[in-house]
Amino acid sequence: MGRAPLHDWALTPGQAIALQRQLATRVEHRDRLDPVSHIAGVDIGFEEQGTITRAAVVVLAWPPEDPSSGPTLVERVVHREPTRWPYIPGLLSFREVPAALEAFARLTIRPQLVMVDGQGIAHPRRLGVASHLGLWLDLPTIGVAKSRLCGRHHEVGPERGDWTPLVDGDESLGVVLRSRAGVKPIYVSPGHRLGIESAREWVVRCLGRTKLPEPTRLADRLASRRGPL
DNA sequence: GCGACAG
DNA sequence: ATCTTGTCGC
């Protein structure tokens, strides 16, 4: 018997949960990343009443040449395919990762860091979409979610950059970060090959004037077909 | 049994 | 996530 496959998308929810428990043991919680020259952002959108899944990946040059205008977009890919799973809280990766992998396969640049729309280890079984994708890509990933899936936290300070720990019992899952004054905070958790501190630092470094860090913000717009990039 | 619940 | 109109504010 070898190790369980990194993914098998034809699973029942029960089998998917068992697979998550297996894969979670392979997630690396300590920093292991190469010098960063490119950061990718990933997000998934839907078309045709949800029957079509649309995966978008953007690659930004790092560090930015012109800090005032944010990092430069150097590559982008959109991949469409039939939707294969319904949305089930806790099993999001089985719906989104397959399409994201197809989009990554068409990238000519291999980024050293990936930011994903969703949770990393801040997940009931510690395998959110960012962690699952990170294992498959064998790249450091960070989960950047717009709302909470699990864990508890105190209220976050009002200033941009303020943050508070996201915890579950005695486990630290990530941080809740005020990415912009006056707006709901975002949930940042390591996906793979990164610690909580580094995950937070990278997200703060990629913050522009908006709520979401640039990689995720641009991927979001590309996935949902809104506004120019 | 009841409430919570990424996108 | 997506659908969907106007509205408030820089």
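Lettering follows sequence order; numbering is per chain, from 1.
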Please tabulate, for the side chains in residues 55-62 of chain A, all donor-acceptor contacts under 3.5 angstrom to protein atoms that are two or more places apart in sequence or on a different chain.
none

Nucleotide-level pairing of DNA chain C, given in dot-bracket where Watson-Crick and G-U pairs need both distances under 3.5 Å and | marks other strands: ..........
Short side-chain to backbone donor-acceptor contact, A:Arg32 and A:Arg193, under 3.5 Å: no
Pairwise distance NE2(A:His123) to NE2(A:His132) - rounded to 0.5 angstrom: 10.0 Å
Euclidean distance, A:Arg217 CZ relative to A:Leu222 CG, rounded to 0.5 Å: 12.0 Å
Ring-face cation contact, A:Phe46 with A:Arg80, 6.0 Å cut, 45° max: no
All N/O pairs under 3.5 Å across the protein-nucleotides 4-7 of chain B interface:
from	atom 1	to	atom 2	distance (Å)
B:dC5	OP1	A:Arg148	NH2	2.5
B:dA6	OP2	A:Tyr87	OH	2.5
B:dA6	N7	A:Gly90	N	3.1
B:dA6	N6	A:Gly90	O	3.1
B:dA6	N6	A:Leu91	N	3.4
B:dA6	N6	A:Leu92	N	3.1
B:dA6	N6	A:His123	NE2	3.4
B:dA6	N1	A:Val129	N	3.1
B:dA6	N3	A:Gln119	N	3.2
B:dG7	OP1	A:Lys146	N	2.7
B:dG7	OP2	A:Ser147	OG	3.0
B:dG7	O3'	A:Asp117	OD2	3.2

Would you give me the side-chain donor-acceptor pairs under 3.5 Å for residues 152-160 of chain A, sequence neighbours excluded?
from	atom 1	to	atom 2	distance (Å)
A:His153	NE2	A:Tyr187	OH	3.0
A:Arg160	NH2	A:Gly208	O	2.8

Atom pairs and distances, donor-acceptor, side-chain atoms in residues 37-44 of chain A, under 3.5 Å, two or more places apart:
from	atom 1	to	atom 2	distance (Å)
A:Ser37	OG	A:Gln112	OE1	3.3

Stems involving DNA chain B, each a run of at least 3 consecutive Watson-Crick or G-U pairs under 3.5 Å: none
By side-chain hydrogen bond (donor to acceptor under 3.5 Å, both in side chains) - contacts of A:Arg76 (at least two apart): none
All side-chain hydrogen bond (donor to acceptor under 3.5 Å, both in side chains) counterparts of A:Arg226, not counting sequence neighbours: A:Asp220, A:Ser224
Summary of salt bridge (charged side-chain N to carboxylate O under 4.0 Å, His left out) pairs that have at least one residue in residues 104-124 of chain A, sequence neighbours excluded: A:Asp117-A:Lys146
Salt bridge (Lys or Arg N to Asp or Glu O under 4.0 Å) against A:Glu81, all qualifying residues, sequence neighbours excluded: A:Arg84
Counterpart residues, salt bridge (Lys or Arg N to Asp or Glu O under 4.0 Å), relative to A:Arg209 (two or more places apart): none
Positional range of nucleotides in DNA chain C within the contact set of chain A, heavy-atom, under 4.0 Å: C:dA1 to C:dT2
